[in-house]
Amino acid sequence: MANKIVIDPVTRIEGHLKIEVEVENGIVSDARLVGTMFRGLEQLVEGKDPRDVPYVVERACGV
Amino acid sequence: MSGIDNQNEKLFNILEFKGISRRNFIKYCAAAAAAFGLEYYFGGLFAEAAASAIHKKPIIWIQGQGCTGCTCSLLSTMNPGPGEVLLDHVSMRFNTTIMNSAGDLSADVLKETVNKGGYLLVVEGSIPTADPRYCFVEGMPFDELLHKTAGNAVAVIAAGTCSAFGGIPRAGFTGAKSVEELVDYKPVVNIPGCPPNPNWMVGTLLYYLHFNELPPLDDLNRPQAYFGNHFVHDTCPRVAFFERGQFLTDWNDPATVDWCLLKMGCKGPVTHADCNRIWFNDGVNSCIRSGAPCAGCVEPQFYKDLSPLYVSPLIPGGPQVGSITLQPNGIAPASAALGAGIVAAPFVVYKLAELLKKNKEGESEHGE
């Protein structure tokens, strides 16, 4: 009998994270980590001046 | 009366615990009041407003397509400053970056605060509209969460350029929108910046706590005191080099390291912010002072229409800012304005720069 634990949102981290854990008879049978936000930073800098790229992609995480 | 005194004691006990003296806190509040052009004694009144707001004026802080940089800029100063204490202890009810509870517990806090109403909503990060799956928070699309929390809020503060104007995500394909574009039924204050200076945020909060209304805003809904009245150029530490026409054109030349960065793409003369007046990171530094040309991050055109960042707007084909066409020809308006002694408008500043460039540089035109 699987017991599912969901933690959403996970706090004290940068951005958005969700954890799903399936427990079967006291043993973890499956686990998933879901990053729930997407900005497309890689595609965003395509075709841009290469000198812009460090400025933009460092905004992946501001912590 | 004793109620207020108790609240005051509570706040000052917290401050003392964090190593901030009563005197310093009131000084800090007075500085915030001064930014709005208010009299000195408003510092004390602001401090009192902050004290009486303890655990009473809640803030909900939600994040969409952001990088948490705004939270970090606003909350983590080198020494826990008055601003951090104010945001952290006085009012913050929900902020996933710093709150202890996670999962269902934090969702309950959010639900409870939303049901009570009367809170300030702070939004960090833009809102994807191309597909709701680009940002899921608390198991729902971010725009749904935004509307749910904005409904009962007294006002919405868009902290950071992403939420104020779309910022960097707007240049991508996720259909990133600003808060204003989605929430038209509540007053929205834009505090742009990538990231914004904590003083802009805390000052606006103090003003709101005392007057119970939002501070005067400019035409882009930014607090007039921090944005509308200033250009980054006005208080630039390199402005003397600008006036002498000494422009840095080679990053590797140690002799010119302090020179004006206009030719390296600086957007300071057309960017409305007081960055060089009140420095970032507890007054440690500002972008231009540390050697980086202003990227114009507080303007709605950032980043999409201000790219490439390291190319001067003086060069034909360079980025345009608003309705101002920054072309190096047509110097007539500048000379007219020079005659009249007016050099305030950004258009004229650029034309002035062009004149100076022509005078000083003569034959050598290298770098850009």
Side-chain angles (χ1 to χ4, degrees), chain A, chain B residues 63-73 76 94-107 110 124-126 128 130-131 133-142 160-162 167-174 176 194-195 264-265 292 295 297 303-304 306-311:
Chain A
M1 164 102 190
N3 190 9
K4 198 171 174 184
I5 302 168
V6 180
I7 303 175
D8 179 21
V10 178
T11 56
R12 279 159 290 146
I13 53 151
E14 187 279 316
H16 308 289
L17 192 71
K18 176 183 177 181
I19 297 176
E20 293 177 358
V21 184
E22 276 171 34
V23 184
E24 224 167 314
N25 301 324
I27 294 163
V28 175
S29 60
D30 199 2
R32 275 180 297 276
L33 271 180
V34 190
T36 58
M37 189 268 282
F38 175 75
R39 280 167 295 177
L41 285 178
E42 292 91 342
Q43 287 89 341
L44 194 153
V45 292
E46 267 177 20
K48 294 279 195 302
D49 188 323
R51 292 171 295 179
D52 285 9
V53 177
Y55 188 98
V56 173
V57 298
E58 75 177 1
R59 263 70 174 170
C61 174
V63 175
Chain B
Q63 193 187 133
Q65 289 177 297
C67 70
T68 320
C70 302
T71 308
C72 284
S73 171
S76 43
F94 182 84
N95 180 333
T96 52
T97 310
I98 54 168
M99 68 192 301
N100 275 320
S101 56
D104 293 345
L105 272 175
S106 70
L110 179 67
E124 175 183 355
S126 55
D131 188 329
R133 287 176 298 175
Y134 286 141
C135 187
F136 255 73
V137 188
E138 311 244 340
M140 64 179 102
F142 184 63
T161 309
C162 293
I168 286 179
R170 190 167 62 92
F173 64 89
T174 56
C194 197
M264 302 312 264
C297 71
Y303 152 81
K304 195 178 179 184
L306 289 186
S307 150
L309 296 173
Y310 294 96
V311 172

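Just so it is clear: chains get the letters A, B, ... in the order the sequence lines come, proteins before strands, and each one is counted from 1. The figures here come from the full heavy-atom set of this structure, side chains too, leaving out hydrogens, waters and symmetry mates.
Atom CD of B/Gln65 is separated from atom CZ of A/Arg59 by 16.0 Å, given to the nearest 0.5 angstrom.
Contacts between B/Pro128 and chain A at a heavy-atom distance below 4.5 Å are absent for every atom of the residue. With a threshold of 4.5 angstrom between heavy atoms, B/Cys194 approaches chain A through its backbone and through its side chain. Both the backbone and the side chain of B/Thr97 have a heavy atom closer than 4.5 Å to some heavy atom of chain A. For A/Gln43, the part lying near chain B is the side chain, with the backbone staying farther off; criterion is any non-hydrogen pair under 4.5 Å. For a residue to count as touching a neighbouring chain, one of its non-hydrogen atoms must lie under 4.5 Å from one of that chain's; by this rule B/Tyr134 touches chain A with backbone and side chain alike. If you measure heavy-atom distances from B/Ser101 to chain A, the contacts under 4.5 Å come from the backbone alone. Of the two parts of B/Ala171, the backbone and the side chain both hold a non-hydrogen atom closer than 4.5 Å to a non-hydrogen atom of chain A.
A search for side chain to side chain donor-acceptor pair (under 3.5 Å) contacts involving A/Asp49 returns A/Arg51, not counting sequence neighbours. For B/Thr96, the side chain to side chain donor-acceptor pair (under 3.5 Å) criterion is met by no residue, not counting sequence neighbours. Scored by the side chain to side chain donor-acceptor pair (under 3.5 Å) test, A/Lys18 finds A/Glu20 as partners (sequence neighbours excluded).
Side-chain contact between B/Pro308 and A/Lys48 is absent, with no heavy atoms from C-beta onward closer than 4.5 Å.
The contact list for residues 29-37 of chain A toward chain B, using heavy atoms and a distance under 4.5 Å, reads A/Thr36, A/Met37 by residue number.
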